[in-house]
K.L.:
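One structure follows; several queries about it will come next.
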Amino acid sequence: MSNTLMELRNVDKFFGSTKALRDVSMAVQPGKILCLLGDNGAGKSTLIKVLSGYHQPTRGKIWFEGQETRFSGPREARQRGIATVHQNVGSIPLMSVGRNFFLGAEPVRGRWPFHSIDTQKANAIAVEQMQKFGLTRVTDGDQLVGTMSGGERQVLAIGRAMYFGAKMLILDEPTSALGVKEASIVLKMMRIARRNGAGIVFITHNARHAMSVGDDFCVLIQGEVAARFKRDEKSREDVLNLMAGGEDMTELEDDLEQID
Amino acid sequence: MTHLLRRPETGAFAAFLLTYLFFALATPGTGFVSLNGTAGWLNLAAELGIVAIPVGLLMISGEFDLSIGSTVGAASMILALGTNQFGAPTWPMIGLALLAGAVIGLANGLAVVKTKLPSFIVTLATNFIVIGATMGLSRLIANVTSSSIFASDSAKLAFASRLGQANISILWWALVAYIGYRVLAKSSFGNWIYATGGNEDAARAAGVPVERVKIMLFVATGVCAALVGILQGIQWNSGNATYGMGYVFQAPIVVVIGGVLLTGGYGSVVGIVFGTALFGVISSGIFYTGWNTDWIQLFLGLLLAVAVLANNYVRRLALTAR
Ligand SMILES: Nc1ncnc2c1ncn2[C@@H]1O[C@H](COP(=O)(O)OP(=O)(O)OP(=O)(O)O)[C@@H](O)[C@H]1O
Ligand SMILES: [Mg+2]
């Protein structure tokens with residue numbers, strides 16, 4: 001327990017009358033992948049926005065590295081080593097790969113007021129970090145991110161988080177829109193980050209992706225933690241059923257097959 | 001070649017060159033291309049250029065400022081009332097006028113960031129509030145809405161010198177443009193400006209203080225507008241609450257002609273400078289042709305329409321794979 005990276009204790013998050021999170025407690029361990037499962041609208045994105053300092057909890061406590069913490073915003077969370085790749089947002093299409101990669105932490109050379117962003121360095125590192133994971137198509141750091149595929153953008157975002165030495169990596173559905181090859185690159189990146197000792201929160205709707213990398217699992221249903229278990233404690237069917245909010249998915253799948 | 005086409009300033013540069021050549025060829029022997037003629041269009045561009053730079057950066061960050069016009073007038077009136085009615089020394093009053101510009105900008109920035117209302121409407125309101133307040137207070141204090149300025153010699157040197165026909169405003173424009181260029185293209189803050197306008201949520205999530213970026217740009221815009229008020233006031237030896245009203249729309253127009261996307265996230269200072277220079281060339285060139293100056297508006301309107309379409313095209317070009 002002593003080396004828990006981040007812990008939520010009885011956290012609520014309300015948006016007006018919408019109770020997005022209710023009495024959520026969970027712990028993120030270094031060197032472990034925590035899979036956050038749940039149906040659409042279950043509160044997963046809200047939960048990671050609380051973890052990443054984007055939202056303040058309405059009630060409850062956050063502990064980070066053994067201290068009770070209240071992040072003033074995403075910037076503070078990031079400075080303390082929490083890197084987040086949000087669902088759908090993350091890159092600026094009309095900016096270059098290099099400038100996106102270093103956004104908020106630009107390398108500069110020269111002295112104020114005559115300093116300037118070291119574009120060459122930024123571009124070189126960004127391209128190198130993406131190629132490291134097998135993305136060989138991106139070779140020019142000046143390329144605009146808007147011209148890259150969804151998978152390439154996701155790799156850029158995760159590579160960036162890992163490069164800045166995140167202690168904690170939060171990924172909101174990083175594989176959901178990706179093809180097989182790019183999804184496997186992302187899963188590989190997560191394994192590498194885990195080996196480097198980062199604590200990872202991984203949100204997905206894909207049970208196979210979850211089962212292939214997850215160490216701990218936490219299921220949210222309507223803003224509440226409905227179940228938590230460790231790897232190998234449950235079968236893939238059980239997990240599927242839990243993800244569907246408790247309904248029997250195998251039956252549903254059988255129904256579907258009958259339609260065909 | 002396509003690389004060049006994708007740059008935000010290419011269109012403005014081409015338009016500037018074509019327009020310049022057009023007037024140069026259409027007005028042979030009138031002195032349009034002479035040193036004095038050049039000083040003429042640079043003079044016309046300079047003061048607009050000083051406000052267009054920060055307005056352009058603000059638009060790249062995704063916000064508008066329509067309050068610049070009244071800030072110009074307010075700054076000139078502060079200088080006029082101070083040096084004339086109260087006999088105050090010039091330089092402290094210049095400082096006060098710049099401070100007033102900063103305060104107006106700060107108010108705009110805070111209002112936009114806190115209320116999350118469109119800056120278009122917030123700063124339109126500010127524009128009327130400031131000009132109304134300037135007129136009302138001037139009447140209360142001195143029963144005037146315009147008044148003479150008595151500037152010290154050193155202030156006249158800094159803000160009203162001339163070299164031949166060329167106005168010192170041109171130097172101020174160059175200085176503001178240089179600072180704007182350094183900030184936007186070279187500094188981290190510039191990266192944040194692009195990110196804020198390109199995808200505000202993503203920028204915030206990456207740790208960019210988007211609110212601070214916007215507020216600082218509003219303040220810079222207010223200060224630059226006040227600088228223009230000081231320049232005009234000292235050059236014309238008078239302050240007037242209505243100075244600068246022309247800039248309210250001229251500034252965003254030259255910014256868009258300069259290649260800045262109306263939706264934010266894309267543009268360059270070099271482009272804005274050429275957009276402003278184009279304005280100067282048209283406004284001055286018309287005189288040399290001897291045509292009625294009414295045509296200036298038509299020209300600008302057409303250019304604006306073409307620029308908006310061209311910018312959209314450049315943006316799409318930039319986003320197609322290489
Ligand atoms: N900023 C907000 N204001 C109001 N309601 C919100 C806000 N953000 C989320 N909600 C609500 O909170 C609930 C949980 O949303 P959330 O985005 O966390 O779900 P999710 O589990 O990430 O779903 P998905 O799988 O579709 O991404 C939803 O009912 C949503 O409408
Ligand atoms: Mg979500």
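Note: hydrogens, waters and symmetry copies are ignored here, and every other heavy atom, side chains too, is used. Values in this document were obtained by computation on a predicted structure and should not be read as measured data.
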K.L.:
If I take atom CD1 from residue A/Ile92 and atom CG from residue B/Asn199, how far apart are they, to the nearest 0.5 angstrom?
P.N.:
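Going from the CD1 atom of A/Ile92 to the CG atom of B/Asn199 covers 4.5 Å.
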
K.L.:
Would you check if A/Ile117 and B/Lys186 make a side-chain contact, meaning some heavy-atom pair closer than 4.5 Å?
P.N.:
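No, every pair of side-chain atoms sits at 4.5 Å or beyond.
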
K.L.:
Counting only non-hydrogen atoms closer than 4.5 Å, can you tell me which residues of residues 73-82 of chain A sit against chain B?
P.N.:
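Under the 4.5 Å heavy-atom cut-off, A/Pro74, A/Arg75, A/Arg78 qualify.
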
K.L.:
Should the heavy atoms of other residues, nucleotides or ligands under 6.0 Å from CZ of A/Phe15 be counted, would the total exceed 12?
P.N.:
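Yes, because the 6.0 Å sphere around CZ of A/Phe15 holds more than 12 heavy atoms from other groups.
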
K.L.:
So which bits of residues 101-116 of chain A come within less than 4.5 Å of chain B, counting non-hydrogen atoms only?
P.N.:
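At a heavy-atom separation under 4.5 Å, chain B is reached by A/Leu103, A/Gly104, A/Glu106, A/Val108, A/Pro113, A/Phe114, A/His115, A/Ser116.
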
K.L.:
Counting neighbours of CD on A/Gln56 that are heavy atoms of other residues, nucleotides or ligands and sit closer than 6.0 Å, is the number greater than 12?
P.N.:
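Counting neighbours around CD of A/Gln56, more than 12 heavy atoms of other residues, nucleotides or ligands fall under 6.0 Å, so yes.
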
K.L.:
Could you check whether B/Tyr194 and A/Asn100, counting side-chain N and O atoms only, form a donor-acceptor pair closer than 3.5 Å?
P.N.:
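No, B/Tyr194 and A/Asn100 have no side-chain donor paired with an acceptor closer than 3.5 Å.
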
K.L.:
Strictly less than 4.5 Å between heavy atoms, which residues of residues 172-183 of chain B line up against chain A? Please order them by number.
P.N.:
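Those residues of residues 172-183 of chain B which have a heavy atom under 4.5 Å from chain A are B/Tyr178, B/Arg182.
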
K.L.:
Starting at CG of B/Leu319, measure out to CG of A/Leu144 and round the result to the nearest 0.5 Å.
P.N.:
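B/Leu319 atom CG to A/Leu144 atom CG measures 6.0 Å (nearest 0.5 Å).
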
K.L.:
For chain A, find its close neighbours in residues 251-266 of chain B: heavy-atom separation under 4.5 Å, sorted by number, or none.
P.N.:
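Listed by number: B/Leu261, B/Gly265, B/Tyr266.
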
K.L.:
Do you know the tightest heavy-atom contact between A/Met95 and B/Asn191?
P.N.:
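The answer is CE-OD1, 3.2 Å.
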
K.L.:
Answer yes or no: are there more than 12 heavy-atom neighbours, outside A/Glu68 itself, under 6.0 Å from its atom CD?
P.N.:
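Above 12, so yes.
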
K.L.:
Identify the two heavy atoms, one from A/Pro93 and one from B/Gly198, that lie closest to each other, and give their separation to 0.1 Å.
P.N.:
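Taking A/Pro93 first and B/Gly198 second, the nearest heavy atoms are CD-O, 4.4 Å.
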
K.L.:
Are more than 12 heavy atoms from other residues, nucleotides or ligands located less than 6.0 Å from atom NZ of A/Lys32?
P.N.:
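For A/Lys32, atom NZ is not crowded (no more than 12 foreign heavy atoms under 6.0 Å).
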
